[in-house]
Amino acid sequence: MSDGSSFSITTPIFYVNDVPHIGHAYTEVAADVLARWHRQRGDDTWLLTGTDEHGQKILRTASANEVTPKEWADRLVTEAWKPLLDTVDVANDDFIRTTDERHERGVTAFLQKLYDDGFIYAGEFEGFYCVGCEEYKQPSDLVPGTGAYEGQQVCAIHSIPVEVLSERNYFFRMSDFEQRLLDLYESNPQFIQPESVRNEIVSFVKQGLRDLSISRSSFDWGIKIPWDSDHVLYVWFDALLNYVTALGYGSDDDEAFQRLWPSVHIVGKDIARFHAVIWPAMLMAAGLPVPKRVFGHGWLLVGGEKMSKSKLTGIAPSEITDTFGSDAFRYYFLRAITFGQDGNFSWEDISARYQAELANGFGNLASRIVAMVNRYFDGAVPERGALTAADEAIDALAQSVTTRADAAIAEFAPHDAIATVWDLVDALNGYITEQEPWALAKDDAKRERLATVLVTALRGLGTVAVLVSPVMPKATEKLWASIGAGGSIAEQRVDRAWEWQGASTVVALESGLFPRIEQAEQGAA
């Protein structure tokens with residue numbers, strides 16, 4: 001197993017019943033920023049994402065579109081889910097599908113072990129089932145329906161009626177792990193985050209766990225139960241195992257599993273219960289380490305409502321990136337929303353932040369500094385002279401910001417990390433305004449002072465570029481080509497960003513990092 005020097009992180013695997021919206025992209029980007037940061041710290045880093053392709057929901061969607069479930073999954077993966085990663089610049093190390101042979105092989109091996117060890121038994125079950133969640137619901141999970149569903153009990157998450165299912169199924173002895181789970185939560189308070197999600201899950205488990213129905217015999221789209229081919233595996237039991245099957249669990253080559261497991265899971269808060277209750281119980285039964293951490297982030301809201309295709313509040317990521325670019329998409333959602341809390345999206349807010357913080361803040365700062373080094377020193381970076389208190393304050397802030405941003409990422413707070421870096425952006429803009437290099441340039445006697453001011457600003461700019469490169473890889477790579485000392489900005493140590501000393505020459509930026517955009521002709525869907 002991992003000795004702690006690795007950083008293995010996953011997104012959920014997403015249902016292929018529909019195309020992705022910005023809520024899915026938000027999860028992908030959050031995990032990607034954390035992974036990029038750890039790569040630039042020198043950690044052995046691995047980012048996994050993928051698609052969940054079994055279960056009744058996919059079967060019904062495929063049937064409605066008059067294709068087989070596999071044909072439907074292939075189409076959605078090729079035309080929607082993999083292109084999403086390019087749209088928002090996700091640098092994943094692996095992409096797993098639950099229809100992959102490697103996954104099915106690993107799932108079968110895991111399932112057989114639990115059966116052989118006595119953790120699975122046959123029994124009868126009847127309950128309320130939500131196809132949208134692919135989960136049996138407790139009465140407390142249901143609410144009275146409204147509109148077309150008035151008079152019916154509906155799922156509190158999907159607002160659709162539940163079905164009463166009665167089947168002879170196989171069960172996982174999840175109740176055996178109730179106390180072990182509670183002991184895990186108590187001994188490792190960081191296992192579930194944020195605290196609001198942790199409290200909800202601890203309360204849920206303390207109410208008592210029931211054994212989990214893990215097979216279905218009413219349909220056949222899924223992985224066959226190895227000892228009973230009349231049953232297919234419950235989709236969540238199947239899907240959760242992707243986190244280890246992608247690393248080689250169940251195969252002859254499990255080097256990656258030994259090196260990188262356990263992982264950190266980034267999920268939406270609505271599926272945190274599966275990852276923090278069912279999943280660790282499954283691993284305990286198999287004698288495997290539980291995940292390092294389960295982080296349940298908040299929902300993206302549009303008009304105060306959770307993102308939903310059925311309610312016409314789903315926004316395609318390309319609707320935003322086509323106007324603002326992928327860097328602005330990534331920056332906005334991790335800057336404007338406290339990671340772990342719900343956050344409202346609006347076109348007005350992203351437009352205002354783009355103009356104020358990216359175009360006028362960071363982008364204008366970069367353009368001014370590079371342009372002045374080119375104008376006053378023909379692009380050759382001079383030596384600094386004697387430092388004043390103002391210069392030393394910028395140097396000290398660059399070091400402080402690097403340390404604080406790195407600590408924020410370690411706490412899964414990318415919003416705090418970005419806000420911290422912007423302390424340096426704002427300080428550099430203020431420093432240039434106060435030092436007035438354009439005025440210093442008019443007096444040859446102040447040329448050394450001019451050099452000191454511009455080099456101090458350039459070093460600060462380089463620190464900012466390295467620190468925000470995991471968030472905005474395209475813009476910072478462009479800036480690095482102008483001010484860097486060669487190589488890629490992704491090769492720079494983010495935890496030592498303040499040590500950057502600059503190149504011997506700078507090259508003028510051909511265009512701004514963040515072109516000005518006229519007010520987007522968009523309306524919140």
Side-chain angles (χ1 to χ4, degrees), residues 26 28-41 45 88-91 321 324-339 350 353-370 394 397-429 431 457-485 487-500 502 509 512-515:
Y26 174 54
E28 295 277 15
V29 166
D32 182 62
V33 167
L34 294 171
R36 285 178 184 264
W37 191 284
H38 279 270
R39 285 193 199 105
Q40 287 187 233
R41 292 186 94 258
T45 301
V88 294
D89 287 333
V90 170
T321 59
F324 297 98
S326 59
D327 278 345
F329 182 104
R330 294 165 63 92
Y331 172 85
Y332 172 74
F333 284 107
L334 291 187
R335 166 76 147 133
I337 299 170
T338 298
F339 197 55
I350 190 172
R353 285 183 179 271
Y354 180 92
Q355 297 295 345
E357 297 170 17
L358 295 181
N360 296 338
F362 180 35
N364 189 49
L365 173 69
S367 296
R368 292 170 77 194
I369 293 172
V370 173
I394 292 294
L397 182 60
Q399 182 173 355
S400 169
V401 161
T402 299
T403 301
R404 287 185 284 133
D406 192 48
I409 292 294
E411 293 299 319
F412 290 72
H415 55 287
D416 282 340
I418 297 171
T420 295
V421 177
W422 242 251
D423 289 346
L424 183 55
V425 172
D426 293 340
L428 285 167
N429 274 312
Y431 172 78
L458 183 64
R459 289 185 179 182
L461 176 64
T463 299
V464 170
V466 172
L467 289 172
V468 296
S469 59
V471 181
M472 297 183 285
K474 285 184 175 177
T476 53
E477 191 63 54
K478 179 180 178 180
L479 178 57
W480 193 254
S482 174
I483 69 171
S488 168
I489 195 167
E491 299 168 352
Q492 308 307 308
R493 284 292 295 256
V494 71
D495 56 329
R496 298 204 296 262
W498 65 276
E499 295 179 357
W500 182 79
L509 286 164
L513 298 181
F514 303 98

Determine, stepwise, if the pair Asp32 / Arg330 fulfils side chain to side chain contact (heavy atoms under 4.5 Å, CB included).
CA-CA 10 Å; Asp32 182 62; Arg330 294 165 63 92; 2.7 Å; yes
**Study point:** Qualifying side chain to side chain donor-acceptor pair (under 3.5 Å) pairs, either residue in residues 470-481, two or more places apart
**Key:**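 Residue pairs with at least one partner in residues 470-481: Glu477-Ser488, Lys478-Ser511.
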I need the minimum non-hydrogen distance between [X] and [Y], along with the two atoms involved.
X      : Y      : value
Ser326 : Asp89  : OG-OD2, 2.7 Å
Ile489 : Ala465 : CD1-O, 3.4 Å
Ala91  : Arg36  : CB-NH2, 3.6 Å
Ile483 : Gly462 : CD1-CA, 3.9 Å
Gln40  : Ala490 : CG-O, 3.2 Å
Thr402 : Asp495 : CG2-O, 3.5 Å

How long is the gap from [atom1] on [X] to [atom2] on [Y], to the nearest 0.5 Å?
X      : Y      : atom1 : atom2 : result
Ser367 : Leu509 : OG    : CG    : 5.5 Å
Leu513 : Leu358 : CG    : CG    : 9.5 Å
Thr463 : Gln492 : OG1   : CD    : 11.0 Å
Phe514 : Tyr354 : CZ    : OH    : 7.0 Å
Arg459 : Ile394 : CZ    : CD1   : 13.0 Å
Phe362 : Met472 : CZ    : CE    : 5.5 Å

Practice item. Carefully, step by step, assess Arg368 and Asn429 under the rule side chain to side chain contact (heavy atoms under 4.5 Å, CB included). Key: CA-CA 10 Å; Arg368 292 170 77 194; Asn429 274 312; 3.7 Å; yes
Set out, in order, the CA-CA distance, both residues' side-chain angles and the distance that settles side chain to side chain contact (heavy atoms under 4.5 Å, CB included) for Trp500 and Val464, then state yes or no. CA-CA 10 Å; Trp500 182 79; Val464 170; over 6 Å; no
Between Arg41 and Asp406, is there a side-chain N and carboxylate O pair less than 4.0 Å apart?
yes
*Any chance you could lay out the side chain to side chain contact (heavy atoms under 4.5 Å, CB included) test for Val29 and Leu334, step after step, and finish with the verdict?*
CA-CA 8 Å; Val29 166; Leu334 291 187; 4.1 Å; yes
For Trp37, the ring-ring contact (aromatic ring centres under 6.0 Å, His included) test, sequence neighbours excluded, returns none
Compile the donor-acceptor pairs under 3.5 Å between side chains in residues 407-427 and protein atoms, sequence neighbours left out, one pair per line.
from: His415; atom 1: ND1; to: Phe339; atom 2: N; distance (Å): 3.0
from: Thr420; atom 1: OG1; to: Asp416; atom 2: O; distance (Å): 2.8

Worksheet item: For residues Glu357 and Tyr332, is any side-chain donor paired with an opposing acceptor at under 3.5 Å?
Response: no
Exercise. Does the side chain of Ser400 pick up a donor-acceptor pair with the side chain of Arg404 at under 3.5 Å?
Worked result: yes
